[in-house]
Amino acid sequence: MKVDLGIWNKLTWAVIFLGFLAGIALVAGSYVPLINQNERMRRKIDDLSTLIQHEEDTARNLRESIDAVQHDPRTVERMAREILLYDKPGETVIRYSEPDGSSEPDTNQPR
């Protein structure tokens with residue numbers, strides 16, 4: 001024997017369906033902060049990976065420079081000439097410098 005409950009049966013199913021949707025919304029809402037935190041951490045990992053790559057390049061360049069100074073006498077000679085301004089005996093060295101801008105303007109130039 002089947003009893004027709006009319007609108008109450010439909011309302012019961014609607015309440016169950018809305019309760020199910022509310023449960024899904026609560027679960028999804030509780031994961032939103034975790035998803036945002038995960039995204040921030042991924043961006044930070046990317047930034048740190050870029051920084052690590054830059055530092056590894058710097059370390060490699062410094063290792064190459066140290067190796068060149070330790071094993072290549074021409075490198076030591078070049079550095080002594082450039083940095084310490086040394087020259088060989090009997091050698092004439094002409095050094096140029098950039099103008100500092102404080103010199104007098106040329107008055108022979110037309111204005």
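- Ile24 and Ile16 sit in two unconnected hydrophobic clusters of ILVMFWY residues. Membership requires side-chain heavy atoms under 4.5 Å apart, directly or through other members.
- From Asp72, atom CG reaches atom CZ of Arg78 across 8.5 Å, with rounding to the nearest 0.5 Å.
- Residue Ile45 shares its hydrophobic cluster (ILVMFWY side chains chained together at separations under 4.5 Å) with no other residue.
- Between Glu91 and Arg81 a salt bridge is recorded (basic side-chain N to carboxylate O distance below 4.0 Å).
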Kindly list each side-chain donor-acceptor pair under 3.5 angstrom involving residues 55-67, sequence neighbours excluded, with atom names and distances?
residue	atom	partner	partner atom	Å
Asp57	OD1	Gln53	NE2	3.3
Asp57	OD1	Arg60	NH1	3.1
Thr58	OG1	His54	O	3.0
Asn61	ND2	Asp57	O	3.4
Ser65	OG	Asn61	O	3.0
Asp67	OD1	His71	ND1	2.7

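- Hydrophobic clustering (ILVMFWY, side-chain heavy atoms < 4.5 Å, transitive): Leu11 and Trp13 are in distinct clusters.
- Residue Val76 is grouped with residue Ile83 when hydrophobic side chains (ILVMFWY) are merged at heavy-atom distances under 4.5 angstrom, including chains of intermediate members.
- Val32 and Leu26 fall into different hydrophobic clusters, where Ile, Leu, Val, Met, Phe, Trp and Tyr residues are linked whenever their side-chain heavy atoms come under 4.5 Å apart, directly or through other members.
- To the nearest 0.5 Å, the span separating CE on Met41 from CG on Leu34 amounts to 9.0 Å.
- In this structure, the separation between CD on Glu82 and CD on Glu77 is 10.5 Å, given to the nearest 0.5 Å.
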